[in-house]
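Quick notes on the structure that follows.
In what follows, every chain begins at residue 1, and chains take the letters A, B, ... in the order their sequences are listed.
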There are 2 protein chains.
Amino acid sequence: MIDEIDTQILTILQSNARTSNADIARDVGMAPSAVLERVRKLERRGVITGYEARLNPEAIGLGLTAFTFVKTEEPVGATDTGEALSAIPGVMEVHYAAGSAAYLIKVRVSGPKALADLLKEIGRLPTVRDTNSTVVLQTVKETGIMPISRNTAEEA
Amino acid sequence: MIDEIDTQILTILQSNARTSNADIARDVGMAPSAVLERVRKLERRGVITGYEARLNPEAIGLGLTAFTFVKTEEPVGATDTGEALSAIPGVMEVHYAAGSAAYLIKVRVSGPKALADLLKEIGRLPTVRDTNSTVVLQTVKETGIMPISRNTAEEA
DNA sequence: CCTGAAATTCGAGGCTT
DNA sequence: AAGCCTCGAATTTCAGG
């Protein structure tokens, strides 16, 4: 169960994972150690799965983002292709999609040349039939911060 | 410029944004304060754009992920539709896509009913012509952690 | 969930290049 | 000037109540 205070803590940590316990404690009206205890519990329960520093992709030479549908001919339930795609550097997300028996992947690369190389690499996977890419021209919003609505959350 | 030590620091902070400076210092062979100084500089230069706690979407009642192409009929260069989409709760990413004058958005909702509601809301935007959604059945990989290759990085 | 002690943070100031 | 180090007060975090 996620109560009102957990919700506040999660909201704060989503927008700044390095917020001090003292600051959180002030906002929620508790002692810092109690906040820490709740955070640890949320981690153990798998509600918080990690803390990531978010980087500016362009600053590290990854100026091109693309989404690619990868159509496969593997038996349903097989995950080999998904694992193989996940292992390729620059592949940020791999989702198995309803509908067209395909994976939808999000990739970040340095530019068009690198994207071509990556697509060629994917095309060499034995189970891959073809790919269909959408190149991103401009990213308006990109966040991992999720809206938290208390009532929809898990039961014990 | 991002040197070898910055690369190490960024790699560590990407996989765990709450790693203590003392721990990082041990790994890179420097004093904690020097690590802190480098981190602050990376923040000021915009290489590190933030720190996010990553949550398990299912734990907060967001069990359904989908990607939706939103076809618009707004003039090129306009960003109104993108802003409107960004403001909708559950919309995590909004990218303007090459090719079909469309936005590609990533959404998280509680289930099919919520997705239908969200698509209806999008359909009501005056500039939106139609939408085309791909529902995610299974997510194999989902990370914001980017591979860092020193040589491709920015110059001064 | 709160008190108290050990570890850590992060500023100021000094040293080396 | 730039970068790293040492030191010390404030904070984090762990143990115990």
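Using a 4.0 Å heavy-atom distance criterion, A:Arg18 is classed as making no nucleic acid contact. Note on A:Arg26: nothing from the nucleic acid sits closer than 4.0 angstrom, heavy atoms only. Here B:Ala22 lies in heavy-atom contact (under 4.0 Å) with sugar-phosphate atoms only. If you check every strand for non-hydrogen atoms under 4.0 Å, B:Ser20 touches sugar and phosphate atoms only.
B:Asp23 has its CG atom 7 Å from the P atom of C:dT8, to the nearest Å. Counting to the nearest Å, the P atom of C:dC10 and the CG atom of B:Leu36 are 5 Å from each other. Atom CD of B:Glu4 and atom P of D:dC4 are 14 Å apart (whole Å). When the P atom of D:dA15 is taken as reference, atom CD of A:Glu37 falls 12 Å away, rounded to whole Å. Atom CE of B:Met30 and atom P of D:dA2 are 17 Å apart (whole Å). At whole-Å resolution of the value, CZ in A:Arg38 and C1' in C:dC2 are 14 Å apart. With rounding to whole Å, B:Arg45 atom CZ is found 13 Å from D:dA2 atom P. A straight line from CZ of B:Arg40 to C1' of D:dG3 spans 17 Å, rounded to a whole angstrom.
Smallest separation of non-hydrogen atoms from A:Val128 and A:Gly123: CG1-CA, 4.5 Å. Listed here is the closest heavy atom pair of A:Ala59 and B:Ile2: O-CD1, 3.7 Å.
Contact of A:Ser33 with D:dT12 (side chain to base): no donor-acceptor pair of N or O atoms is detected under 3.5 Å.
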TODO: Please assess A:Arg108 against A:Thr65 for the test side chain to side chain donor-acceptor pair (under 3.5 Å), listing each intermediate value before the final yes or no.
DONE: CA-CA 5 Å; A:Arg108 284 200 204 275; A:Thr65 303; 3.0 Å; yes

- [ ] Start with the C-alpha gap between A:Thr81 and A:Glu74, add the side-chain angles, then the distance that decides, and say whether side chain to side chain donor-acceptor pair (under 3.5 Å) holds.
- [x] CA-CA 8 Å; A:Thr81 307; A:Glu74 72 186 349; 2.7 Å; yes

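Distances shorter than 4.0 Å separate some side-chain N or O of A:Asn21 from OP1 or OP2 on D:dT13. A close approach under 4.0 Å does not occur between any side-chain nitrogen or oxygen of B:Lys41 and OP1 or OP2 of D:dA2.
Atom NZ of residue B:Lys106 and atom NZ of residue A:Lys106 lie 6.0 Å apart, to the nearest 0.5 angstrom.
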